[in-house]
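Computed from a prediction, not measured in an experiment: that's the story for all the values here. In what follows, residues are counted from 1 in the order of the sequence shown.
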Amino acid sequence: MLGKDLLGLRRLGVEEITEILDTAAHFRAVSERRIKKVPTLRGRTVVTLFFENSTRTRMSFDLAAKRLSADTLGFSASTSSTKKGETLMDTARNIDAMKPDAIIIRHPCSGAPHMLARAFPWTVINAGDGINEHPSQALLDMLTMRDHLGDLAGRTVAIVGDVYHSRVARSNIFGLRKLGASVVLAGPGTMCRPELEQLGVRVRHRIDDVLEEADVVMMLRIQRERLEPGAMSTAREYSRFYGLDLARLRQARPGILVMHPGPINRGVELSPEVADGSQSVIMEQVTNGVAVRMALLYLLLGGDPLPAGADHAVA
């Protein structure tokens, strides 16, 4: 059973991760119905508190809450009192006075969700904190892999690009290793540092060194907003050495899955032909994101029980 909050995958066990993925598989059927709504969280209030830009994650959480019949309230730092100097804790205290049931927070500072979880009684879900973790993204990634590969034990997942600054990569590393998968990283030395091996992964510095052994390749965006000056040269040079195009894909293991957490820099980490090709499951990741976030809200907020043997939530 999950506790009050979801702050990361580092401390979750195999049983908890599996419960989330299994529950998400049940909820996926809701999005395929004509009426895409169930009364599971009717009367609950979910707040999205985003201090960084987001499209997929914010919309996905908002849609997940609405499909469970929760009331939602969106908060954007660009139009809030934080622009006037209000602190995160003062913002949270004001939201607390409105009696929410859950807050979904994205923040540029690692540890911000943990601080709120310690200070307030409502559920906190980490939607990305600094370069620490992004647990719901990793869960939807693992659900997508499981759909195609079944049991992930013994599988090899390659994560390529700006791994060091990627909270998505860290959550995937924690989750995949718990499920028995092997993780190998590749990227420039400034973005794929040797100390990452402390997380129990192998580190390479050429994409060609990982493609032949991988069942899945996850390409990452260059996080220019977090890079130190001079950490990379040009996008063209990066694409030449680390981009995945059709020529490189032909050298990969047959049937390899191509993934990307988004947003994609087309022509940099992925060529358009690969991003939109038959081995890409990127749009499936987006679809699975709604189901995973429905599962998280349901499990954390104690929604109505799933009927025994049901293939989806309450009808």
Side-chain angles (χ1 to χ4, degrees), residues 2 6 9 16-48 50 54-74 101-104 106 123 125-128 134-150 152 168 171-172 175 216 218 257-264 275-276 278-315:
L2 295 179
L6 180 73
L9 299 190
E16 293 165 309
I17 293 173
T18 301
E19 180 185 25
I20 296 168
L21 299 183
D22 289 345
T23 305
H26 286 298
F27 274 118
R28 192 158 46 193
V30 173
S31 297
E32 298 169 356
R33 294 165 30 167
R34 186 174 65 86
I35 299 176
K36 301 175 176 63
K37 200 161 191 175
V38 292
T40 312
L41 294 182
R42 182 179 293 160
R44 304 296 185 91
T45 302
V46 176
V47 178
T48 53
F50 278 58
S54 171
T55 302
R56 281 157 301 279
T57 301
R58 184 169 191 162
M59 289 179 65
S60 183
F61 267 116
D62 187 62
L63 189 56
K66 285 182 166 67
R67 288 190 176 168
L68 294 171
S69 299
D71 297 315
T72 61
L73 176 64
D101 295 289
I103 284 189
I104 299 154
R106 169 169 289 191
T123 287
I125 299 177
N126 181 3
H134 190 350
S136 64
Q137 178 67 46
L139 288 163
L140 72 88
D141 293 339
M142 289 187 286
L143 180 60
T144 306
M145 295 179 208
R146 200 176 72 163
D147 288 341
H148 288 268
L149 303 175
L152 297 183
V168 172
S171 284
N172 265 291
V216 180
M218 180 179 298
L257 301 180
V258 176
M259 304 182 74
H260 196 298
I264 302 171
D276 302 325
S278 61
Q279 289 169 259
S280 169
V281 294
I282 295 170
M283 289 299 101
E284 292 179 40
Q285 291 174 264
V286 178
T287 298
N288 282 334
V290 177
V292 161
R293 285 150 182 154
M294 288 176 73
L296 290 173
L297 290 168
Y298 166 79
L299 292 169
L300 290 165
L301 294 179
D304 295 336
L306 286 168
D311 63 348
H312 53 75
V314 180

Are the side chains of [X] and [Y] in touch, meaning some heavy atoms are under 4.5 Å apart?
X	Y	result
L68	R44	no
L63	K36	no
D147	R28	yes
S60	T57	no
E16	L9	no
D101	V46	no

Got a second to check how far [X]'s [atom1] is from [Y]'s [atom2], nearest 0.5 Å?
X	Y	atom1	atom2	result
M294	S31	CE	OG	5.5 Å
S280	Q285	OG	CD	7.5 Å
L143	T23	CG	OG1	10.5 Å

Nearest heavy-atom pair of [X] and [Y]: which atoms, and what distance?
X	Y	value
M259	D141	CE-O, 3.6 Å
A295	A24	CB-N, 3.5 Å
L299	E19	CD2-OE2, 3.8 Å
G175	I17	CA-CD1, 4.1 Å
V290	A64	O-CB, 3.8 Å
L41	Y298	CD1-N, 4.3 Å

Exercise. Excluding sequence neighbours, so at least two apart, what forms side-chain contact (heavy atoms from CB on, under 4.5 Å) with D22?
Worked result: T18, R146
For this session: Determine, step by step, whether S136 and L296 satisfy the side-chain contact (heavy atoms from CB on, under 4.5 Å) criterion, reporting the C-alpha distance in whole Å, the side-chain angles of both residues, the deciding distance to 0.1 Å, and the verdict.
Result: CA-CA 8 Å; S136 64; L296 290 173; 3.8 Å; yes
For this session: Show your reasoning for whether side-chain contact (heavy atoms from CB on, under 4.5 Å) applies to L149 and V216.
Result: CA-CA 9 Å; L149 303 175; V216 180; 3.6 Å; yes
Problem set entry | Stepwise side-chain contact (heavy atoms from CB on, under 4.5 Å) check, T123 with L301 | CA-CA 7 Å; T123 287; L301 294 179; 3.8 Å; yes
Exercise. Are the side chain of R106 and the backbone of A127 linked by a donor-acceptor contact shorter than 3.5 Å?
Worked result: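 Yes, R106 side chain to A127 backbone: donor-acceptor pair under 3.5 Å.
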Exercise. Under 3.5 Å, is there a donor-acceptor pair between the side chain of T287 and the main chain of M283?
Worked result: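 A pair under 3.5 Å: yes.
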For this session: Would you please name every residue forming a salt bridge (charged side-chain N to carboxylate O under 4.0 Å, His left out) with K66, sequence neighbours left out?
Result: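 Result, salt bridge (charged side-chain N to carboxylate O under 4.0 Å, His left out) vs K66: D62.
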Problem set entry | Cation-pi check, R293 onto F61 ring (under 6.0 Å, within 45° of axis) |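 Yes - R293 lies over the ring of F61, closer than 6.0 Å to its centre and within 45° of its axis.
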Exercise. Pick from T144, L140, L139: which one makes a side chain to side chain contact (heavy atoms under 4.5 Å, CB included) with M142?
Worked result: L139
Exercise. For the side chain to side chain contact (heavy atoms under 4.5 Å, CB included) test, which of I125, T72, N126 pairs with I104?
Worked result: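 That would be I125; it is the only one of I125, T72, N126 passing the side chain to side chain contact (heavy atoms under 4.5 Å, CB included) with I104.
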Exercise. Could you walk me through whether K37 and S69 pass the side-chain contact (heavy atoms from CB on, under 4.5 Å) check?
Worked result: CA-CA 7 Å; K37 200 161 191 175; S69 299; 3.6 Å; yes
For this session: Scan side-chain atoms only and decide if E284 and H148 contain a donor-acceptor pair under the 3.5 Å cut-off.
Result: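 Yes, side-chain donor-acceptor contact under 3.5 Å.
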